[in-house]
Amino acid sequence: MELTQCSFGSESIELMGRVCNEAWREVQTITFYPSPKDSDEMLRLMVMRVMAAVAAGEHDPARLKVVALDGVEA
């Protein structure tokens with residue numbers, strides 16, 4: 001995902017943080033990653049997906065959470 005030319009306002013940053021935190025809490029209840037490295041990579045991918053969606057114009061928290069959780073396996 002190429003986000004090098006993106007800038008986000010404070011409202012978008014707050015939205016992305018809130019969505020990612022909610023999604024991450026859900027991931028922690030439904031999945032188990034055997035190492036911190038695996039967890040870090042999953043969180044990084046979730047954040048990147050949400051950032052890309054916001055950069056593309058999505059601002060609905062429910063849809064962003066779906067984007068964040070896309071590909072997460074229980």
Side-chain angles (χ1 to χ4, degrees):
M1 290 174 217
E2 186 64 40
L3 295 172
T4 58
Q5 300 299 319
C6 292
S7 65
F8 300 102
S10 60
E11 289 180 12
S12 292
I13 292 170
E14 189 276 329
L15 172 65
M16 291 185 290
R18 188 175 72 244
V19 167
C20 288
N21 286 333
E22 289 174 12
W24 186 242
R25 281 192 297 273
E26 187 168 325
V27 165
Q28 291 176 316
T29 64
I30 62 172
T31 62
F32 172 75
Y33 292 95
S35 75
K37 180 180 177 188
D38 293 335
S39 294
D40 289 346
E41 181 63 13
M42 174 57 66
L43 180 57
R44 186 189 72 76
L45 290 172
M46 289 173 60
V47 169
M48 294 299 292
R49 286 192 292 263
V50 169
M51 288 176 66
V54 170
E58 182 61 67
H59 287 91
D60 180 271
R63 290 183 189 153
L64 289 170
K65 188 174 176 184
V66 169
V67 167
L69 294 171
D70 185 41
V72 174
E73 297 178 15

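This is a predicted model, so every value here is computed, not measured.
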Check your understanding: How close do His59 and Leu15 get, heavy atom to heavy atom, and via which atoms?
Key -> O-CD2, 3.5 Å

Check your understanding: When rounded to the nearest 0.5 angstrom, what is the spacing between CG in Asp38 and CG in Leu43?
Key -> 12.5 Å

Practice item. Identify the two heavy atoms, one from Ala68 and one from Met46, that lie closest to each other, and give their separation to 0.1 Å. Key: O-CG, 3.2 Å

Check your understanding: Rounded to the nearest 0.5 Å, how far apart are SG of Cys20 and CE of Met48?
Key -> 11.0 Å

Exercise for review: Go through the steps to decide whether Met16 and Ile13 satisfy the test side chain to side chain contact (heavy atoms under 4.5 Å, CB included), and finish with yes or no.
Suggested key: CA-CA 5 Å; Met16 291 185 290; Ile13 292 170; 4.2 Å; yes

Review point. Considering only heavy atoms from C-beta outward, does the side chain of Asn21 approach that of Arg25 to under 4.5 Å?
Key: yes

Exercise for review: Would you check if the side chain of Arg49 reaches a backbone N or O of Asp70 as a donor-acceptor pair within less than 3.5 Å?
Suggested key: yes

Practice item. Check the hydrophobic clustering (I, L, V, M, F, W, Y; side-chain heavy atoms under 4.5 Å; chains of links allowed) and say if Val47 and Trp24 are grouped together. Key: yes

Point to revise | Within one Ile-Leu-Val-Met-Phe-Trp-Tyr cluster: Met42 and Leu69, side-chain cutoff 4.5 Å | key: yes

Point to revise | Gap between atom CE of Met51 and atom CG of Leu64 - 0.5 Å precision | key: 12.5 Å

Revision key, fill the gap. Nearest heavy-atom approach of Val67 to Val50 is CG1-N, 4.2 Å

Check your understanding: Taking the side chain as C-beta and beyond, is there a heavy-atom pair between Pro61 and Arg18 under 4.5 Å?
Key -> yes

